[in-house]
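Have a look at the structure below, then the notes.
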Amino acid sequence: MSDITRAEICVTACADLFAGAGETLASPMGLIPMLGAKLARLTTEPDLLLSDGEAYLLTPESTVEGWLPYRAVFDVVAHGRRHVVMGANQVDRFGNQNISCIGDHAKPTRQLFGFRGAPGNTINHRTSYWVPRHSPRVLVDAVDVISGVGYDHAVGPFHDIHQVVTNLAVLDFTTPGRSMRLVSTHPGVSVDEVQKQTSFPLVADNVTETRLPTDEELKLIRTLLDPDAKRDKEVPS
């Protein structure tokens with residue numbers, strides 16, 4: 001299958017976030033992360049649990065396969081058997097995330113979602129971030145307000161900021177100082193381009209190219225998971 005789009009590369013990169021997860025509750029927020037989690041379940045991670053965010057466990061085809069009431073989610077959260085993929089209005093070099101407001105919290109210039117579940121997510125279980133528009137306004141040196149807790153404020157045994165997937169690259173924090181590292185650039189994207197769209201210096205040793213989806217993965221994305229190609233509206237090629 002040819003003409004692989006940037007959106008399809010982002011979907012498979014999000015699927016790879018769940019590599020080795022086993023029986024873990026996946027909580028992807030947003031279209032691309034949701035497609036990635038469903039793709040992982042259909043290919044490499046058959047034991048991955050998918051939730052509708054309310055009370056049911058679902059198959060990738062959205063058939064109900066289990067009951068997980070909201071109160072029970074907190075037991076999963078507290079035991080670290082969850083991997084949430086959140087968005088971020090800002091994320092900084094140490095993985096702190098902001099979805100609360102822009103500017104001083106006492107007098108913000110722009111009100112956003114609020115803290116929501118970000119603090120509890122980040123200190124209790126694995127957390128990754130999806131950024132559909134990689135830019136210096138999002139990848140900042142320091143967030144205005146800490147919603148999700150990064151490595152320079154890390155507490156507890158379950159704190160685990162795993163990776164950041166953007167429309168340009170995949171990044172993680174596997175450096176001695178836990179500063180953000182450029183893992184791979186998507187095909188057609190250079191290291192210089194990613195650095196230019198980031199407000200702080202990235203660790204950029206041994207950068208690879210993000211893998212392409214396999215023929216099987218492409219078929220699943222295009223015919224089963226997203227036949228209307230809504231993914232291309234979120235990540236234009």
Side-chain angles (χ1 to χ4, degrees), residues 6-7 9-10 13-14 17 27-33 36 83-156 159-186 189-207 210 234-236:
R6 179 71 60 81
I9 291 167
C10 290
C14 284
L17 291 173
S27 297
M29 301 178 186
L31 176 63
I32 298 295
H83 185 172
V84 63
V85 184
M86 293 191 288
N89 296 95
Q90 294 178 328
V91 60
D92 68 24
R93 67 169 71 207
F94 295 111
N96 296 292
Q97 170 237 35
N98 176 21
I99 52 172
S100 182
C101 66
I102 301 300
D104 189 326
H105 187 255
K107 192 174 182 180
T109 58
R110 185 180 177 190
Q111 182 63 54
L112 303 173
F113 287 120
F115 291 93
R116 311 289 289 236
N121 289 339
T122 49
I123 67 171
N124 280 300
H125 53 71
R126 175 165 282 191
T127 301
S128 294
Y129 295 117
W130 160 242
V131 176
R133 299 288 184 273
H134 190 136
S135 76
R137 295 178 63 182
V138 180
L139 278 293
V140 296
D141 185 59
V143 297
D144 292 343
V145 177
I146 296 176
S147 304
V149 181
Y151 280 105
D152 56 341
H153 296 87
V155 292
H159 180 269
D160 179 10
I161 308 302
H162 182 47
Q163 289 190 338
V164 179
V165 177
T166 80
N167 63 314
L168 300 180
V170 177
L171 309 106
D172 70 11
F173 302 91
T174 58
T175 59
R178 290 297 198 175
S179 182
M180 191 180 289
R181 177 178 76 102
L182 181 57
V183 177
S184 66
T185 58
H186 301 334
V189 179
S190 69
V191 172
D192 287 344
E193 182 178 353
V194 176
Q195 183 60 76
K196 184 178 180 180
Q197 295 300 321
T198 305
S199 292
F200 53 87
L202 293 165
V203 178
D205 300 328
N206 303 313
V207 179
T210 309
E234 185 163 344
V235 184

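- Judged purely by atom type and a 3.5 angstrom limit, N167 uses its side chain to pair as donor or acceptor with the backbone of H134.
- Residues F173 and T175 fail the side-chain proximity criterion, which asks for heavy atoms closer than 4.5 Å.
- Only one option out of D141, T198, D152 pairs with R93 in a side-chain hydrogen bond (donor to acceptor under 3.5 Å, both in side chains); it is D141.
- The two residues H186 and A169 come nearest to each other via the heavy atoms NE2-N, 3.3 Å.
- One N or O on the side chain of Q195 and one on the backbone of L202 form a donor-acceptor pair closer than 3.5 Å.
- Closest approach of P136 to S199, counting heavy atoms only: O-OG, 2.7 Å.
- Not a single donor-acceptor pair under 3.5 Å links the side chain of Y151 to the backbone N or O of G95.
- Checking side-chain atoms of D160 against main-chain N and O of R126 turns up no donor-acceptor pair under 3.5 Å.
- The CG atom of L168 sits 11.0 Å away from atom OG of S184, with the distance rounded to the nearest 0.5 Å.
- Counting non-hydrogen atoms of neighbouring residues, nucleotides and ligands closer than 6.0 angstrom, the CZ atom of R137 reaches no more than 12 such neighbours.
- Nearest heavy-atom pair across V91 and M180 is CG2-CE, 4.4 Å.
- From N121, atom CG reaches atom CD1 of I161 across 9.0 Å, with rounding to the nearest 0.5 Å.
- Scanning for side-chain hydrogen bond (donor to acceptor under 3.5 Å, both in side chains) contacts around T122 gives an empty result, with sequence neighbours left out.
- Using a 4.5 Å cut-off on side-chain heavy atoms (C-beta onward), M29 and W130 make no contact.
- Results of the side-chain contact (heavy atoms from CB on, under 4.5 Å) test with R181 over V203, V207, D205 single out V203 as the only residue that passes.
- Looking at heavy atoms from C-beta onward, H159 lies out of side-chain contact with T127 at the 4.5 angstrom threshold.
- Using a 4.5 Å heavy-atom cutoff, the side chains of Q197 and L139 are not in contact.
- The side-chain heavy atoms of S147 and N98, taken from C-beta on, include a pair separated by under 4.5 Å.
- Around atom CG of N206, no more than 12 heavy atoms belonging to other residues, nucleotides or ligands sit under 6.0 Å away.
- Taking the side chain as every heavy atom from C-beta outward, V84 and H125 approach each other to under 4.5 Å.
- Contact of the V143 side chain with the Q97 side chain is not registered, since no non-hydrogen atoms from C-beta on lie closer than 4.5 Å.
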(message) One pair to check against side chain to side chain contact (heavy atoms under 4.5 Å, CB included): T185 and E193. What are the steps and the verdict?
(response) CA-CA 9 Å; T185 58; E193 182 178 353; over 6 Å; no
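- Nearest heavy-atom pair across A88 and V138 is O-CG1, 3.7 Å.
- Looking at Q90, its side chain never comes within 3.5 Å of a backbone N or O of I146 through a donor-acceptor pair.
- With no hydrogens or angles considered, no side-chain donor-acceptor pair links H162 and S128 at under 3.5 Å.
- Heavy atoms only, all atoms of each residue included: T166 and C10 are closest at O-SG, 3.7 Å.
- Shortest non-hydrogen contact noted between P236 and R133 is CD-NH2, 3.7 Å.
- A distance of 12.5 Å separates CG in L17 from OH in Y129, rounded to the nearest 0.5 Å.
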